[in-house]
Amino acid sequence: MNEALGWLLGLKNVKSIDEIDPSLAAPWAAQGTFWVVFGLTALLVAALVFYLKFQHRGSPGARLALGLSRGLLLALLLLTLADPVLRVTLTDVKPPLLYLVFDGTDSMAIQDEYPEDQQAALARATQWQRPEGSANQNPSRMDYLHAFLTKPQNNLLTRLADDRRFRVESFLFDGNTTSQLRKLEPKPGGGDTPDPKHIAGQLTAKGQVTALGAVLNDMAQQFGAGNLGAVVMFSDFAQNSGLAPVGGQDGASGSPAAKINVPIYAVGLGATEAIDLAVDLQTDPKMKRAERTSVLVKLRQSGLQDRPTTVTLTARKLSGGYGESAAAEVLIGQKTVPLTTNLETVDFPFTPDDAGRFEFVAEVEPLDGEIVTENNRATREVNIIDDYLRLMYVAYEPSWEWRFVKEVFHRDKLIGMDGFRTYLASSDPQVRESNVLFLPTLTPKRSDFFANDVIFLDDLPQAAINDRFCEMVREFVSQFGGGLVVIGGPRFGPGELYGTPLADMLPVVLDPDARLRDERPFRAQLTAHAARYPFMQLGDNDVENTKAWNNLRLLPWYQSVARLHDQSYALAEHPTDTCQDGKTRQPLIAIRQFGAGEVVYLGFNETWRLRRLYGEQYYRRFWSQLIYRLGMSHALGAEKRFVVRTDRQQYRVEEKVTLTVEAYDENFEPLAAEDMPKSALSAEITIPGSGGTADQVRELAVPLLRQGVFEAQVPVYSDGEYSIRVRDPIANGFREVRFDVTGLSAERRSGVRNARLQEELAVETQGRTYDLTTADRLADDLQLQALTEHYTRNHPLWSTPLWFLALVGLMLGEWFSRKMIHLQ
C-alpha cells in the first residue's frame, strides 16, 4: 500500500508515509487563500450551470455528473497554477554505497618472490598469464590485481556490480606527499555500473607515499559518504606517512578507521615474508662538540638467518659557520655483524670534533635474494653544537622552583653555568650588577636579548614588566622561534599578565578576576594529548610514567583561568574543577604554537615535588626534555640572526626545493630589500655532475618574501647531493645548506605486505581480511543492511503520476460520457 501510494506521489523506495500536509507554493495563492477557494467554487458552479442549463441531452443525473467532472478538471488546472505541494514526512529505503579502494602507490610495482606453491595458487586465483614475448620476470602486485579484476570467470567486480543490495563506487589513492582519493570512471561514456576492464585500465602505481589515515579521512569527505555501508580496500597496507589509520591518539574511537564507522574488508597484496634487510638509525637528538655519545644502528632481517653483513656508519656536514664549507663524508665506523636474530643492534661510539648540522648515514650492502634494497640505507639529521643553550629566568623573588631549576640546568651539559641567567625583580640592584648569575636589566640590548633560546616567566606582578619587554618576548617567540615557559605562582598568578601584550600568546585565556584555588588538594591528571610530547613522558613505559607523575602526590593549589585557548592542547588538567563553560577541565599544563615558536603554561610552580623519593631523575627529565624541545628547534644563540634552511632534507627528481633565509642585522632588525644591491640575497647552487662530468655552480637570487624572510623555489632535475651557499651581507660570509635528490621513493623501504596493519584495520572496523586467493569469498561475506532514512520534503504535487492520472481521467471520462449521450 505504501509503495503504491509512494508511486502515485512520485516517491521512490518508500517504506512508509508518516504524514502528508498539502499547501500552495505560488505567492499569489499562498497570500490569497480566499480567492483560490472563490475561484474553485466559481469554476465548479460555472461547469454545473453549463451542463444543467445549456445542455439538454441526457438525463439530469448524467448532466450533473458531467458538470462535476468538468468543474473538477477546471479546478485542477487552477490549482496547477497555484503550484500545489505536499509536505511529506516519510521513511525511505536506499541501498548503501560500497567503496572499492585501490592502492596506486609505487610499492604496488614490487615484484614479489613467492614459493612455487603460493605462486601457483595466485596464478589460479587471478587467472594471470604471462604476456607473450615478455621477459621471464615475476609479475608485480599491480599485475596480479589487474588480472584478478579482469578475469573472465567468477569475476568479483562483476558479481558486486550485479548485486542490487548496494551501489558500487571505485577509487584509487596516490600522491607525492600524502595520499588522496581519485574517483574512477565506472565505464566509458558514463554510467553507474562498473566495467571491470575499464576500472583496471585506470589503475596506476605512481604514488610516492602510503598515508592510509589520510585516505580514510578523505573517504568521509566524499559526496554521499553518509550512505556508505562498507569499504573494500585492495592494498599492501605499507603505511609510511601521515596519521596512523588505527588506534588514534584518543584511543580507537578517535582513529580515522573508526570515524568512518563502516566495516573495512581488507584484501592484501604482496608477500608477507621476504628476504629483506632493513636499516634503522637512532642518535641522541642533541649532541655537543667533544662530548662522547653513541649512535645505534638497528638491523631488521627476514629470511637471512645467520648470514653476516657489514654495517658502515658515516657522517657529513650539511651546514656550518661563516667561511666553512660542508665537509666531506667522514667514516665513523664499520662492523661485520652476524644476523643471528630478527633484530640486531650495533653500537658505534662517537665523539664529535666539529659543530654544525650533520647527516648520519648507516648502510649495508645488498644481500643475495633481496627484492627491495632501498631500505638498506638510513639517514638522520643531527645538530651538533659547540655553544650552549641560553636560558633567561624572570621572576619576582626566589622560589623552590627557581632554586631547583637553576641547579638542574647548571649541571646540564648543553646549558651549564654559562647558559643560565636570571632576573629577579626584588633583588638588590648591586647584586644584579656584581653577580654574573643575575641580569642587570630586564631589557638588555636586542643582540643580547635575542641570543637567548628559552625564556622563563615565573610568578611576578604586572608592575615588574614593561611594554618593551613584552614586545621583545612576542618577537622572540613569533619570529625567531624562541621558547617561552609561563609559570603561575601562588603570590601573584598569571592574571597579572591580563591586558599585556603577553596575554594573547598564552595557551590559556586569562580571567582578571581569577584567584588561587586551594579549597582541597588534588592529583593532576594527564590528558590523551600528553602522549604526543616527550617532556610529558617521564618513564620508559606507561607504568613508570604513571609512577613518576604520581610522585607529585596531592597538589595543594593551582591558578585558575577562563578557558583553554582554541589553538592549544591541555597536557595535564584538574580532575574535577572546570572552566567558565562548566564543561572543560581547568588546564594545569598546556602548550601552544605561537608563530615560529612555542609557549608552555604551568598553572602551578610545584614540579619540584617530582624530586621526592627518586631525587632528580624525573624532575631533570621533565625540564631537560622541555628545554630541548623549545630550545633545540631553532638556531641557537646569535646564529638566529642569519638562518638558511630548506623545507626538506631529501627530494625526488623534478620536485622543487624551497629555500628560506631568515636574515637580520647586527641589532636583530629585519633586513629589507633596500639593504641589498639587487633587492635580493645572492647565493650559488652546486649541481652534482653525472656520468663523470664535473659539478656545476650557478648563481641564484633569493628575493624578499616579507620583512626579514627571503625565499626561492629551485627545481631539481637530476639526482645527487646538492649544496646552496647564501651570502650574509652583514658578516660578508656564506652560510651553506646541503640536501639530497633521489629517484627513489619511500614506497621501496619495505618489501613485504603489512599484514599486521591489514588485520588491525579489519578488526577495529569489524570487517574481514583476505588475499587474492580468498577474495572471491568476499561477495558472499558482504551483509549490508539497506539504509532507512526519515525525512521531510516539499514535493510538487502537479508533477506526480497522481496529478497526471487525475487530469487525464477527468478529461477522458468527460469525453467518453459525452459520446455515450451523443453530446457534441
Kindly compute the distance separating CZ (Arg648) from CD (Glu381), expressed to the nearest 0.5 Å.
13.0 Å
Charged N to carboxylate O under 4.0 angstrom, Glu721 versus Arg316?
yes
Can you tell me how far CZ of Phe469 sits from CZ of Phe476, rounded to the nearest 0.5 angstrom?
10.0 Å
Phe480 ring center near Phe668 ring center (under 6.0 Å):
yes
Asp418 and Arg390: CA distance, side-chain angles, deciding distance, salt bridge (charged side-chain N to carboxylate O under 4.0 Å, His left out) verdict
CA-CA 8 Å; Asp418 295 330; Arg390 293 167 173 81; over 6 Å; no
For residues Val405 and Tyr393, report the shortest heavy-atom separation together with the two atoms involved.
CG1-CE1, 4.0 Å
Indicate yes or no for a side-chain donor-acceptor contact from Thr210 to the backbone of Gln239 under 3.5 Å, with no hydrogens or angles considered.
no
Can a donor-acceptor pair be found, under 3.5 Å and without considering hydrogens, that links the side chain of Gln649 to the backbone of Arg738?
yes
Run the side-chain contact (heavy atoms from CB on, under 4.5 Å) test on Val509 and Leu564 for me, step by step, so that the C-alpha distance in whole Å, both residues' side-chain angles and the decisive distance to 0.1 Å come before the verdict.
CA-CA 6 Å; Val509 177; Leu564 186 70; over 6 Å; no
Cationic tip of Arg592 within the cone over Tyr569's six-membered ring, i.e. under 6.0 Å and within 45° of the normal?
no
Got more than 12 heavy atoms from elsewhere within 6.0 Å of CZ, Phe438?
yes
CD/Glu655 to OH/Tyr717 distance, rounded to the nearest 0.5 angstrom?
12.0 Å
Just verifying a value: how many Å separate Asp453 CG and Leu630 CG, rounded to the nearest 0.5 Å?
10.5 Å
Looking only at side chains, do Asp740 and Tyr651 share a donor and an acceptor under 3.5 Å apart?
no
Enclosure of Asp467 CG (heavy-atom neighbours >12, cutoff 6.0 Å)
no
d(Ile487 CD1, Ser399 OG) to nearest 0.5 Å is 7.5 Å
With a 4.5 Å heavy-atom cut-off, do Glu736 and Ile724 have their side chains touching?
no
Closest non-hydrogen atom pair, Ile589 against Leu602
CG1-CG, 4.3 Å
Can you measure from CZ (Arg641) to CD (Glu669) and round to the nearest 0.5 angstrom?
12.5 Å
Under a 3.5 Å threshold, yes or no: a donor from one side chain and an acceptor from the other, between Glu401 and Thr607?
yes
Does the gap between the ring centers of Tyr396 and Phe492 come in under 6.0 Å?
yes
Might you work through the side-chain contact (heavy atoms from CB on, under 4.5 Å) test for Phe710 and Leu671, ending with a clear yes or no?
CA-CA 9 Å; Phe710 298 76; Leu671 289 182; 4.2 Å; yes
Do Glu598 and Val454 come within less than 4.5 Å of each other through their side chains, counting heavy atoms only?
no
Should Phe449 and Ile455 count as side-chain neighbours, where that means a heavy-atom distance under 4.5 Å?
yes
Whether Asp581 and Arg563 form a salt bridge (side-chain N of Lys/Arg under 4.0 Å from carboxylate O of Asp/Glu) is what I want to check.
no
For a quick test of reading the model, state the closest non-hydrogen atom pair linking Pro494 to Tyr601 and the distance between them.
CG-OH, 3.8 Å
Tell me, with the steps shown, if Arg421 and Met392 meet side-chain contact (heavy atoms from CB on, under 4.5 Å).
CA-CA 5 Å; Arg421 293 293 180 267; Met392 178 180 180; 5.7 Å; no
Report the C-alpha separation of Ile415 and Ile627 in whole Å, then their side-chain angles, then the decisive distance to 0.1 Å, and conclude whether the side-chain contact (heavy atoms from CB on, under 4.5 Å) test is met.
CA-CA 10 Å; Ile415 302 171; Ile627 294 307; 4.1 Å; yes
Please determine whether the number of non-hydrogen atoms from other residues, nucleotides or ligands lying under 6.0 Å from atom CD of Gln713 exceeds 12.
yes
Might you point out which heavy atoms bring Arg474 and Ser478 nearest each other, and give the distance in Å?
O-OG, 2.6 Å
Could you tell me if the side chain of Leu571 sits less than 4.5 Å from the side chain of Ile591, heavy atoms only?
yes
Does Arg380 come within less than 4.0 Å of Glu359, counting only side-chain N to carboxylate O?
no
What pair of heavy atoms forms the shortest contact from Asn667 to Ser447, and how long is it?
OD1-N, 4.0 Å
Heavy atoms, side chains only, cut-off 4.5 Å: are Thr351 and Arg292 in contact?
yes
Any heavy-atom pair between the side chains of Ile685 and Val697 that's under 4.5 Å?
no
Give a yes or no answer on whether the side chain of Asp459 reaches the backbone of Gly488 with a donor-acceptor pair at less than 3.5 Å.
no
Presence of salt bridge, Glu397 and Arg491, under 4.0 angstrom:
yes
Do Arg645 and Glu662 pass the salt bridge (charged side-chain N to carboxylate O under 4.0 Å, His left out) test, and can you show the C-alpha distance, the side-chain angles, and the key distance before you say yes or no?
CA-CA 9 Å; Arg645 60 169 60 95; Glu662 298 171 9; 2.7 Å; yes
Is there a donor in the side chain of Asp174 and an acceptor in the side chain of Gln180, or the other way round, less than 3.5 Å apart?
no
Name the residue from Phe420, Trp623, Phe404 that meets the ring-ring contact (aromatic ring centres under 6.0 Å, His included) definition with His410.
Phe420
Compare every heavy atom of Val361 with every heavy atom of Leu281, then report the nearest pair and how far apart it is.
CD2-N, 4.3 Å
Strictly distance-based, threshold 3.5 Å: is any side-chain N or O of Arg432 a donor or acceptor partner for the main-chain N or O of Leu424?
yes
Could you tell me whether Lys406 atom NZ has more than 12 heavy atoms of other residues or ligands within 6.0 Å of it?
yes
So, Asn732 and Arg727: side-chain donor and acceptor under 3.5 Å apart, yes or no?
yes
Do side-chain atoms of Glu496 reach the backbone of Gln462 as a donor and acceptor pair under 3.5 angstrom?
yes
Start with the C-alpha gap between Thr443 and Arg468, add the side-chain angles, then the distance that decides, and say whether side chain to side chain donor-acceptor pair (under 3.5 Å) holds.
CA-CA 7 Å; Thr443 54; Arg468 182 169 182 265; 3.2 Å; yes
Could you check if a side-chain atom of Phe360 sits within less than 4.5 angstrom of a side-chain atom of Ile332, using non-hydrogen atoms only?
yes
Do Gln625 side-chain atoms and Pro534 backbone N/O form a donor-acceptor pair below 3.5 Å?
yes
Should Asp647 and Thr660 count as side-chain neighbours, where that means a heavy-atom distance under 4.5 Å?
no
Carboxylate-amine/guanidinium contact Arg446 Glu475, below 4.0 Å
yes
Quick one: does any side-chain atom of Thr527 pair with a main-chain N or O of Ala570 as donor and acceptor, under 3.5 Å?
yes
Examine the side chains of Glu699 and Ser682 and answer whether a donor and an acceptor come within less than 3.5 Å of each other.
no
Any side-chain donor-acceptor pair under 3.5 Å between Gln696 and Arg698?
yes
Counting distance only, does the side-chain N/O of Gln559 pair as donor-acceptor with the main-chain N or O of Gly489 below 3.5 Å?
yes
Tell me whether the centres of the aromatic rings in Phe739 and Tyr722 are closer together than 6.0 Å.
yes
